[in-house]
**Q** 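Quick one: structure below, then a few questions.
Quick note: residue numbers are just sequence positions, from 1. If you're wondering where the values come from, they're calculated on a predicted model, not measured in any experiment. What's counted below: heavy atoms across the whole structure, side chains too, no hydrogens, waters or symmetry copies.
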Amino acid sequence: MVFKYCPAPLDTLKVVILTGAGISAESGLKTFRDQDGLWENHAIEDVATPEGFNRDPSLVYRFYNERRRQLLSAAVQVNTAHLALARLEARLGKNLTIVTQNVDDLHQRAGNNNVLAMHGQLLSARCMASAKNWYTDKDMDQHSACGCCLPSCGVRPDIVWFGEIPKYNELIEQRLFDADLFVSIGTSGTVYPAAGFVALANSTGAYSIELNLEPSMGNSEFSERHYGLASDIVVAFVQHLLQGPSNV
């Protein structure tokens, strides 16, 4: 596998990496939704919208409790692509930002600290009154007590559902404006605003690369494209950055 991008000296290189479900698929987690539009055999409208939650909160609580248990099971582990990005952060420090559409914690488990989880996280609960969130690895339901204000105010999964505003929008835009390199890993290129990140990065002069199992909807916008398993292409690309001609 040959990469065209010749990295600048790593001490000055600013990198933004967008990750989607494809990077976690090899860790035993299913991608966000199947080709038939279902997520774990549920209609997206029933389990990933505010309207679905209002209509049948018991179903939504149960759905995310099952997803949380799956994430915490021994069968789900970080893979070599996650570990490669952790090695890259160990070298670049705060000059590397990972923006993830995933709601798992696999980047953090691998050792990444500069992670912006734009769609929320399974291991987090949110107060429905104050919007404050906190870590949890426990099941929740309509009777779960809130840890930040009145016990009766209500708790929901800290997940950004369809129709809601993703987290960290302004900070992500700033990082993209400052980036020298934008890399998209394992994303379909169909969900906005993330699908528009490549255009924003291109507009400010960043070099853009797609690393994916197959071409995304916006693949033509990338300066460079490579396809295959994340465990192969992400590891190879990180090695290229760390051992490139300008960094030997």
Side-chain angles (χ1 to χ4, degrees), residues 15-33 39-40 42 47-48 60-94 96-127 131-141 144 146-148 155-162 164-169 171-172 175 183-188 191 194 197 211 213 229-231 234-235 238:
V15 182
V16 174
I17 297 178
L18 172 68
T19 64
I23 198 171
S24 294
E26 293 179 71
S27 291
L29 288 174
K30 292 185 179 180
T31 54
F32 180 77
R33 51 180 156 175
W39 189 10
E40 299 281 356
H42 291 279
V47 296
V60 176
Y61 283 121
R62 185 168 64 252
F63 177 82
Y64 288 98
N65 289 341
E66 291 171 356
R67 305 286 76 70
R68 193 178 304 106
R69 292 190 210 114
Q70 180 196 25
L71 177 60
L72 293 170
S73 71
V76 175
Q77 300 289 335
V78 299
N79 63 56
T80 54
H82 295 112
L83 294 171
L85 296 185
R87 290 198 301 275
L88 187 60
E89 184 180 305
R91 181 64 179 84
L92 298 181
K94 293 183 178 180
L96 172 67
T97 301
I98 292 180
V99 180
T100 187
Q101 297 173 281
N102 298 336
V103 295
D104 61 58
D105 67 333
L106 296 180
H107 285 304
Q108 292 91 332
R109 285 194 214 177
N112 283 107
N113 296 306
N114 303 328
V115 180
L116 301 177
M118 63 183 298
H119 292 161
Q121 296 208 292
L122 281 171
L123 299 179
S124 183
R126 188 194 311 173
C127 171
K132 292 181 180 178
N133 57 10
W134 60 93
Y135 173 87
T136 184
D137 56 4
K138 309 297 183 184
D139 286 357
M140 64 181 77
D141 58 28
S144 296
C146 175
C148 75
V155 174
R156 57 163 278 184
D158 189 23
I159 302 294
V160 176
W161 290 322
F162 287 95
E164 297 182 324
I165 299 173
K167 298 171 179 270
Y168 311 112
N169 278 342
L171 179 56
I172 292 170
R175 298 290 171 83
V183 184
S184 178
I185 301 173
T187 67
S188 64
V191 178
F197 288 172
L211 305 177
L213 186 61
L229 293 172
S231 56
V234 175
V235 171
V238 169

**Q** Which residues pass the salt bridge (Lys or Arg N to Asp or Glu O under 4.0 Å) test with R126, sequence neighbours left out?
**A**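 With sequence neighbours excluded, R126 shows a salt bridge (Lys or Arg N to Asp or Glu O under 4.0 Å) to D158, given in chain and number order.
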**Q** Does F63 offer a backbone N or O that forms a donor-acceptor pair with the side chain of R67 under 3.5 Å?
**A** yes
**Q** Closest heavy-atom contact between N102 and A21?
**A** OD1-N, 3.0 Å
**Q** Do L92 and N114 pass the side chain to side chain contact (heavy atoms under 4.5 Å, CB included) test, and can you show the C-alpha distance, the side-chain angles, and the key distance before you say yes or no?
**A** CA-CA 11 Å; L92 298 181; N114 303 328; over 6 Å; no
**Q** State which residues pass side-chain contact (heavy atoms from CB on, under 4.5 Å) with V60; sequence neighbours excluded, sorted by chain then number.
**A** F53, Y64, W161
**Q** Do side-chain atoms of N169 reach the backbone of I172 as a donor and acceptor pair under 3.5 angstrom?
**A**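 Side chain of N169 to backbone of I172: no pair is present.
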**Q** List the residues meeting side-chain hydrogen bond (donor to acceptor under 3.5 Å, both in side chains) with Q101, not counting sequence neighbours, and say none if there are none.
**A** none
**Q** What are the two closest heavy atoms between G22 and A230, and how far apart are they?
**A** O-CB, 4.1 Å
**Q** For A125, does its backbone N or O pair with a side-chain atom of N133 as donor and acceptor, under 3.5 Å?
**A**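 Not confirmed, N133 side chain does not pair with A125 backbone.
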**Q** Mind running side chain to side chain contact (heavy atoms under 4.5 Å, CB included) on N112 and L96 for me, showing each step along the way?
**A** CA-CA 10 Å; N112 283 107; L96 172 67; 4.3 Å; yes
**Q** Which pair of non-hydrogen atoms, one from V47 and one from H42, has the smallest distance, and what is that distance?
**A**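 Closest pair (atom of V47, atom of H42, distance): CG1-CB, 3.9 Å.
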**Q** Distance check, rounded to the nearest 0.5 Å: R175 atom CZ versus K94 atom NZ?
**A**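 Going from CZ on R175 over to NZ on K94, the span is 9.0 Å.
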**Q** On a heavy-atom basis, which atom in C127 and which in W134 lie closest, and how many Å separate them?
**A**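 That closest heavy-atom pairing would be N-CZ3, 3.6 Å.
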**Q** Any side-chain heavy-atom pair from L171 and M118 closer than 4.5 angstrom?
**A**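 L171 does not reach M118 side chain to side chain.
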**Q** To the nearest 0.5 Å, how far apart are OG1 in T187 and CG in L211?
**A**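 Result: 10.0 Å between the selected atoms.
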**Q** What pairs with S27 under side-chain hydrogen bond (donor to acceptor under 3.5 Å, both in side chains), at least two apart in sequence or on another chain?
**A** N79
**Q** Name all residues meeting the side-chain hydrogen bond (donor to acceptor under 3.5 Å, both in side chains) criterion together with T19; count only those two or more places apart in sequence or in a different chain, and write none if there are none.
**A**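 Listed in chain order: T100, H107.
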**Q** Please name all residues satisfying side-chain contact (heavy atoms from CB on, under 4.5 Å) with L213, sequence neighbours left out, ordered by chain then number.
**A**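 Partners of L213 by the side-chain contact (heavy atoms from CB on, under 4.5 Å) criterion, ordered by chain and then number, come out as L229.
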**Q** What residues form a salt bridge (Lys or Arg N to Asp or Glu O under 4.0 Å) with R156, not counting sequence neighbours?
**A** E164
**Q** S231: which residues meet the side-chain hydrogen bond (donor to acceptor under 3.5 Å, both in side chains) condition with it, sequence neighbours left out?
**A** E26
**Q** Decide yes or no on side chain to side chain contact (heavy atoms under 4.5 Å, CB included) for V160 and I165, but give the supporting numbers first.
**A** CA-CA 7 Å; V160 176; I165 299 173; over 6 Å; no
**Q** Listing request: all salt bridge (Lys or Arg N to Asp or Glu O under 4.0 Å) pairs with a residue in residues 108-121, at least two apart in sequence or in separate chains.
**A**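 Every pair satisfying salt bridge (Lys or Arg N to Asp or Glu O under 4.0 Å) with a residue in residues 108-121: D105-R109.
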**Q** Below 4.5 Å, heavy atoms only, C-beta onward: do Y168 and V99 meet side chain to side chain?
**A** no
**Q** Measure the shortest side-chain to side-chain distance between M140 and N65 over non-hydrogen atoms and say whether it is less than 4.5 angstrom.
**A** yes
**Q** Listing request: all salt bridge (Lys or Arg N to Asp or Glu O under 4.0 Å) pairs with a residue in residues 68-78, at least two apart in sequence or in separate chains.
**A**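 Every pair satisfying salt bridge (Lys or Arg N to Asp or Glu O under 4.0 Å) with a residue in residues 68-78: R69-D139.
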**Q** Nearest heavy-atom pair of P166 and H119: which atoms, and what distance?
**A** CB-CD2, 4.4 Å
**Q** Which heavy atom of D104 sits nearest a heavy atom of S24, and at what distance?
**A**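 Residues D104 and S24, closest heavy atoms: OD2-OG, 2.8 Å.
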**Q** Taking C-beta and beyond as the side chain, do L85 and I23 meet within less than 4.5 Å on heavy atoms?
**A** yes
**Q** Heavy atoms, side chains only, cut-off 4.5 Å: are Q70 and L29 in contact?
**A**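 The answer is yes, as the side chains (C-beta and beyond) meet within the 4.5 Å cut-off.
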**Q** Determine, step by step, whether V76 and L106 satisfy the side chain to side chain contact (heavy atoms under 4.5 Å, CB included) criterion, reporting the C-alpha distance in whole Å, the side-chain angles of both residues, the deciding distance to 0.1 Å, and the verdict.
**A** CA-CA 9 Å; V76 175; L106 296 180; 4.1 Å; yes
